[in-house]
Amino acid sequence: MKRIITYCLLTLLLACLAVAATLYWMGTRDDTSAGTAAAPADAARMVDQGRYLARLGNCMACHTAQGGKAYAGGTAIPTPFGTLYGPNITPDPQTGIGTWNADDFWQALHNGKSKDGSLLYPAFPYTEYTRVSRADADALFAYLRTVEPVSQPSRPHELAFPYNQRGLLAFWRALYFQPGVYQPDTGETVPWNRGRYLVEGLGHCAACHAPRNSLGATRAADGLAGGLIAGLDWYAPPLGNDPATGLGRWSAQDIATLLQTGMARHSTASGPMAEVVLGSSQYLNDADALAMGTYLKSLPAAPAAGGAQPPGPSAALMDIGGKLYRQHCAVCHQDQGQGSGIAWPALAGNPTVTAPLPVNAIRVVLDGGFAPATAANPRPHGMPPFAPVLGDNDVAALVSYIRSSWGNQAGRVTPFEVKRVRDASTLN
């Protein structure tokens, strides 16, 4: 009997080792199907293209610390597993990527590996960048070779155990990472394919607008269904075509306008999205901005990720909220929440208002709303913060009223939810 038990245990151990070895191999293999770098026909044009792509990918957001030198790293990237820091990607040979070549850079974008073969943490969104073409990767690298070299060591990540064990990334990658360049859909139009390439590739919209599981991987089956942005206490709304919580009331041109200016008739970019517009999407050319809008308008109205919808507010709460709205908000957003042009966006059908989670609407009321100053809209109107004059009960009533009026059916907000957001805003 003991021999049988020993044999069974040994068989089980060998099976577990075989599974672990297979997963490790799957998580460390490379995709080499895209070929090698080609010599550029026009080096100057290639650098210009790379500059455009660097803005499109918003590379400075993670690789340029506030007040620091461009691309010298140091930006903190909070995650549920600890804080990572964007590395130095200037062409400094000691502390940057000055000794890298185009193949090394392609390896990082496409396969998620550093020059020495070490696995990169997916806070660097190679899970999306893998779709980028080799030509675009080479152009991006050519541009980075022209930026000012900065001698500044990359700051070490601060991750809790076991997440600081880089080798374990192999098992995560085996489960959640599939390298591969984007392949156009021959049944769709050229603008649609271009839009999908930008949204799913360098634009890496899924990094914020897709829900994540407990291991930090985006849930592919849910698409761009929205989700909380880790460490920032902001909610990235769904990008599907649900008319209540998504982009159902938007046109492709509305989306393009928001990306390029930060403001549109249905909403205004705020919080992290305002930073994206400021540092990235305002530089989109008209064709690319419209292509992204065209693709996003093709997405189905998938159920938003955010939990069950809360019940509607009571009549008494609506009465209090209505009085506060008429006192503080109606002069700009109008009595029926219809807004006035793009300077004061509509609140009726506004995705920030009707999102499954009320965190963004609460933050805008507390902290104010400030659209980014873009080349197309250099002096945007702002909304003052009401945190100094409204308590948690009043903010809860006001946001509940806005989320439940003029056809909005997003549910009530509690004073506890407001307090949590207010406390988080104070800490940040």
Side-chain angles (χ1 to χ4, degrees), residues 47 50-130 132 136-160 163-167 169 172-173 177 201-204 207-208 216 229-232 272 274-281 283 372 428:
V47 169
R51 181 181 294 106
Y52 176 74
L53 294 171
R55 282 175 164 172
L56 194 155
N58 202 17
C59 301
M60 290 189 73
C62 290
H63 294 283
T64 305
Q66 187 173 8
K69 293 291 187 71
Y71 300 109
T75 303
I77 305 169
T79 77
F81 317 106
T83 302
L84 295 100
Y85 295 92
N88 183 344
I89 57 170
T90 71
D92 180 71
Q94 280 74 45
T95 63
I97 59 172
T99 62
W100 289 36
N101 59 32
D103 289 335
D104 298 327
F105 189 75
W106 168 254
Q107 177 86 329
L109 261 65
H110 188 70
N111 287 310
K113 292 184 178 182
S114 187
K115 179 184 178 181
D116 62 4
S118 59
L119 304 180
L120 299 175
Y121 285 98
F124 172 63
Y126 59 82
T127 46
E128 285 74 46
Y129 289 171
T130 188
V132 173
D136 280 352
D138 288 347
L140 183 55
F141 180 69
Y143 164 66
L144 291 175
R145 297 285 293 177
T146 69
V147 305
E148 177 189 357
V150 180
S151 179
Q152 177 176 297
S154 297
R155 184 171 176 177
H157 302 316
E158 299 171 358
L159 297 171
Y163 309 110
N164 58 356
Q165 303 301 303
R166 197 179 288 263
L169 284 171
W172 185 94
R173 290 160 56 100
F177 176 49
L202 269 180
H204 61 286
C208 292
I229 303 175
L232 297 181
E275 297 176 12
V276 170
V277 173
L278 180 64
S280 176
S281 66
Y283 300 105
N428 292 334

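All values reported here derive from a predicted model rather than from experimental measurement. For this chain, numbers begin at 1 and follow the sequence in order.
Rounded to the nearest 0.5 angstrom, F105 CZ and D138 CG are separated by 9.0 Å. Taking CG of N88 as the reference point, atom CZ of R155 lies at 14.5 Å (rounded to 0.5 Å).
When all heavy atoms of L278 and P372 are compared, the closest pair comes out as CB-CB, 4.0 Å. Scanning all heavy atoms of the two residues, the minimum distance from A123 to L84 falls at CB-CD1, 4.2 Å. Of all heavy-atom pairs between A54 and Y71, the closest is CB-OH, 3.8 Å. In plain terms, the two heavy atoms of A76 and P78 that are nearest each other are O-CD, 3.6 Å. Pairing each heavy atom of L53 with each of A139, the nearest pair is CD1-CB, 4.2 Å. Scanning all heavy atoms of the two residues, the minimum distance from S280 to G57 falls at OG-N, 4.4 Å.
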Please assess Y121 against I77 for the test side chain to side chain contact (heavy atoms under 4.5 Å, CB included), listing each intermediate value before the final yes or no.
CA-CA 11 Å; Y121 285 98; I77 305 169; over 6 Å; no
Please evaluate residues Y126 and F177 with respect to the criterion side chain to side chain contact (heavy atoms under 4.5 Å, CB included), reporting the C-alpha separation (whole Å), side-chain torsions for both, the decisive distance (0.1 Å), and the verdict.
CA-CA 9 Å; Y126 59 82; F177 176 49; 3.7 Å; yes
Worked verdict on L109 versus L140 for side chain to side chain contact (heavy atoms under 4.5 Å, CB included):
CA-CA 10 Å; L109 261 65; L140 183 55; 4.2 Å; yes
Start with the C-alpha gap between Y163 and T79, add the side-chain angles, then the distance that decides, and say whether side chain to side chain contact (heavy atoms under 4.5 Å, CB included) holds.
CA-CA 11 Å; Y163 309 110; T79 77; over 6 Å; no
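For the pair R173 (side chain) and P122 (backbone), a donor-acceptor distance under 3.5 Å is absent. Distance alone, capped at 3.5 Å, places no donor-acceptor pair between the S114 side chain and the L120 backbone. At distances below 3.5 Å, not a single donor-acceptor pair connects side-chain atoms of T130 with backbone N or O atoms of T127. In this structure, T95 contributes its side chain and Q152 its backbone to a donor-acceptor pair below 3.5 Å.
Residue K115 forms a side-chain hydrogen bond (donor to acceptor under 3.5 Å, both in side chains) with just one option from N101, D103, T99, and that option is T99.
With 3.5 Å as the limit, one finds no donor-acceptor pair spanning the side chains of T90 and D92. Between the side chains of Y85 and E158, a donor-acceptor pair is found at a separation under 3.5 Å.
At a threshold of 4.5 Å between non-hydrogen side-chain atoms, the residues K113 and L119 count as touching. Taking 4.5 Å as the limit, every side-chain heavy atom of L144 sits out of range of all side-chain heavy atoms of P91. Counting heavy atoms from C-beta on, the side chains of L202 and Y129 come closer than 4.5 Å. A heavy-atom distance below 4.5 Å is found between the side chains of P87 and H63. Side-chain atoms of K69 and E148, non-hydrogen and from C-beta on, do get closer than 4.5 Å to each other.
The environment of CD in Q165 is crowded: more than 12 heavy-atom neighbours from other residues, nucleotides or ligands sit within 6.0 Å.
Among residues at least two apart or in separate chains, there is no salt bridge (charged side-chain N to carboxylate O under 4.0 Å, His left out) pair with a member in residues 54-64.
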